[in-house]
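Reviewing the structure listed below.
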Amino acid sequence: MFENKERTAIAELGEFGLIKHLTDHFKVRHESSIKGIGDDAAVLNFENKEVLISTDLLLEGIHFDLAYVPLIHLGYKAIQVNLSDIYAMNGIATQVTVSIGISSKFPLEAVEEIYKGIQLACDKFNIDLVGGDTSSSKQGLVISVTSIGYAEKNEVVYRNGAQEGDLICVSGDLGGAYVGLQILEREKLIFMENPDIQPDLEGKDYIIERQLKPEGRRDIVDLLAQMDILPTAMIDVSDGLASEVLHICQQSERGATLYEEKLPIDPMTYETARELGLDPTVCALNGGEDYELLFTIKQSDYEKLKHDVDISVIGHITDKNSGCKMISKSNVVHELKAQGWNAFKL
């Protein structure tokens, strides 16, 4: 929770005063942003591009725990998880709107911290904040972000384009965010039992950051364009690799075969999972919140990316009747099941 001796009641500013205070210093960067904050609606012009829009809702106690999530990281992450959806369509994100519901326990300084994180994400990924809303909330902190972007009409990538024989690829590494969350939850429980004990996060920086400060993979969209590769299907890894593979297969009416030995797992993720008594492969398959890009490509494009260390080929698309499966390191065939994040399983 935010701790600060200076506490300014939000009611002192009022709704419009609060919006102006929080957003006055945000810059408008894109020609497509004709009118941003300050009128009844934003005005955007994308000319002949396909417009991409995605919305996410983050609820205190469901999607984040303020016991260990710094408010500045929360603001940053709220933007990132939305941008990731635009990148998952092979698009470029350009604008966001941010709506926030705040309980009376939050002073102005706490909301400022959230918007610092929002601004950091906007600055890093060249995003215009063009609107939003604020409201009081009796259920804790609520953040809703809508991201807007574009792609050329013939370059939008959907989930339903995978073809038999296509290679299944994923960026970065998997499971780190989930294992990082387990460390944070462990330290929270220890602290609750004995507040005098300081959290022990030494040597876990990478996986903690994977959970608290994920990065949308705009760089992969740019890289694929440079390689002249148009994926046949794409999705971001928010609910777990297995779930996302199944989404692509369901939408494309195809099957898939993954190879356990090909899954990219960072050594810190692997070692920490083992320390916690977890199977690193299960963490990679079902953990979620990695926000890497999972995509399929034609076999003829393999030569273009085979030397890129940030992209792993982890399997291939099969016919629908073959189903979705993973072949383990010991050559045992396992049915692929979605056991990751379920927003309604509370």
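Just so it is clear, the values below take in all heavy atoms, side chains as well, and ignore hydrogens, waters and symmetry mates.
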#### Entry: Note, C122 side chain near V96 side chain (heavy atom, < 4.5 Å)
yes
### Task
Please answer: with hydrophobic residues joined when any side-chain heavy atoms are less than 4.5 Å apart, are V179 and V69 in the same cluster?
yes
## Note on the structure
V221 and G91 have their tightest heavy-atom pair at CG1-O, 3.9 Å
### Query
Do the charged groups of R274 and E271 touch, with an N to O distance under 4.0 Å?
no
### Task
Go through I100 and Y115 one step at a time and tell me if the side chain to side chain contact (heavy atoms under 4.5 Å, CB included) criterion holds.
CA-CA 10 Å; I100 186 167; Y115 271 77; 4.0 Å; yes
### Message
Main chain of V157, side chain of N90: is a donor-acceptor contact present, judged purely on distance under 3.5 Å?
### Response
no
### Backbone of M268 reached by a side-chain donor or acceptor of D266 within 3.5 Å
yes
### Summary
All heavy atoms of R254 vs all of T318, minimum pair found to be CB-O, 3.5 Å
### Query
Does D173 offer a backbone N or O that forms a donor-acceptor pair with the side chain of R210 under 3.5 Å?
yes
### Query
So, does S137 use its side chain to make a donor-acceptor pair with the main chain of L141 at under 3.5 Å?
no
### Message
Checking side-chain polar atoms at under 3.5 Å, does D133 have a donor or acceptor matched by the opposite partner on S99?
### Response
no
### Message
Same cluster or not: L83 versus V156, using hydrophobic residues (I, L, V, M, F, W, Y) connected whenever any side-chain heavy atoms lie under 4.5 Å apart?
### Response
no
### Task
Taking only Lys NZ, Arg NE, NH1 and NH2, and the carboxylate oxygens of Asp or Glu, determine whether D301 and K298 approach each other closer than 4.0 Å.
no
#### Entry: Non-hydrogen atoms of A162 and A233 that approach each other most closely
N-CB, 3.7 Å
### Task
Check G161 against S252 and note the closest heavy-atom contact, atom names and distance.
N-OG, 3.4 Å
### Message
By the definition side chain to side chain contact (heavy atoms under 4.5 Å, CB included), identify the one residue from I314, T257, L285 that meets it with M326.
### Response
L285
### Query
Is it true that the side chains of E185 and Y68 contain a donor and an acceptor less than 3.5 Å apart?
yes
### Query
Is R217 salt-bridged to D310, cutoff N-O under 4.0 Å?
yes
### Task
Answer yes if I72 and L58 sit in the same cluster of Ile, Leu, Val, Met, Phe, Trp and Tyr residues linked by side chain heavy atoms under 4.5 Å apart, and no otherwise.
yes
### Query
Given side chains that start at C-beta, do those of Y291 and Q80 come closer than 4.5 Å, heavy atoms only?
no
### Task
Among residues two or more places apart or on two chains, list those pairs meeting salt bridge (charged side-chain N to carboxylate O under 4.0 Å, His left out) that have a residue in residues 65-85.
D65-K188, K77-E289
### Query
Taking it one step at a time, do L293 and V237 satisfy side chain to side chain contact (heavy atoms under 4.5 Å, CB included)?
CA-CA 6 Å; L293 291 179; V237 183; over 6 Å; no
### Task
Name all residues meeting the side-chain hydrogen bond (donor to acceptor under 3.5 Å, both in side chains) criterion together with T55; count only those two or more places apart in sequence or in a different chain, and write none if there are none.
T146
### Query
What distance separates M227 CE from L223 CG, expressed to the nearest 0.5 Å?
4.0 Å
### Task
Any chance you could measure L241, atom CG, to T281, atom OG1, to the nearest 0.5 Å?
10.5 Å
### Query
Would you say N194 has more than 12 foreign heavy atoms packed within less than 6.0 Å of its CG?
yes
### Query
Looking at K213 and E215, does any basic side-chain N land under 4.0 Å from a carboxylate oxygen?
yes
### Task
Flag yes if more than 12 heavy atoms outside K262 fall under 6.0 Å of its NZ atom; otherwise flag no.
no
### Query
Hey, does the side chain of E260 reach the backbone of K329 with a donor-acceptor pair shorter than 3.5 angstrom?
yes
### Message
Can you confirm whether more than 12 heavy atoms, excluding those of K304, are under 6.0 Å from its NZ atom?
### Response
yes
### Query
Does some side-chain heavy atom of Q95 sit less than 4.5 Å from a side-chain heavy atom of Y150?
no
### Message
On a heavy-atom basis, which atom in Y178 and which in C283 lie closest, and how many Å separate them?
### Response
CD2-SG, 3.8 Å
## Note on the structure
Value for CD1 (I229) from OG (S300), rounded to nearest 0.5 Å, stands at 9.0 Å
### Query
Under a single-linkage definition using a 4.5 Å side-chain heavy-atom cutoff for Ile, Leu, Val, Met, Phe, Trp and Tyr, are V245 and I327 assigned to the same hydrophobic cluster?
no
### Message
For a side chain to side chain contact (heavy atoms under 4.5 Å, CB included) check, start with the C-alpha distance between T97 and L129, then their side-chain angles and the critical distance, and finish with the verdict.
### Response
CA-CA 6 Å; T97 67; L129 176 65; 5.6 Å; no
### Message
Strictly below 4.0 Å, N to O, side chains only: are E275 and K204 in salt-bridge contact?
### Response
yes
### Message
Quick one, I92 and D222 - any side-chain contact, counting heavy atoms below 4.5 Å?
### Response
yes
### Heavy-atom side-chain proximity of Q299 to D166 below 4.5 angstrom
no
### Query
Are side-chain heavy atoms of L57 and V142 found at a separation under 4.5 Å?
yes
### Task
Please report the closest heavy-atom contact between Y259 and G315, naming both atoms and the distance.
CD1-CA, 3.9 Å
### Message
To the nearest 0.5 Å, what is the distance between OG on S147 and CG on D56?
### Response
7.5 Å
### Query
Rounded to the nearest 0.5 Å, how far apart are CG of L74 and CD1 of I143?
4.0 Å
### Query
Are K116 and Y76 close enough that some pair of their side-chain heavy atoms sits under 4.5 Å apart?
no
### Query
For T296 and T232, what are the C-alpha separation, side-chain angles and deciding distance, and is it a side chain to side chain donor-acceptor pair (under 3.5 Å)?
CA-CA 5 Å; T296 56; T232 53; 2.6 Å; yes
### E244 side chain vs D239 backbone, donor-acceptor pair below 3.5 Å
yes
#### Entry: Polar side-chain atom of D290 near backbone of E292 as donor-acceptor pair, under 3.5 Å
no
### Task
Would you check if I297 and L230 make a side-chain contact, meaning some heavy-atom pair closer than 4.5 Å?
no
### Summary
Separation between CD1 (I86) and CG (D236), nearest 0.5 Å, reads 10.5 Å
### Message
Quick check: is V282 connected to L181 through a chain of hydrophobic side chains (ILVMFWY, heavy atoms under 4.5 Å apart)?
### Response
no
#### Entry: Residue pair F295, I311: steps toward the side chain to side chain contact (heavy atoms under 4.5 Å, CB included) verdict
CA-CA 10 Å; F295 55 97; I311 296 176; 3.9 Å; yes
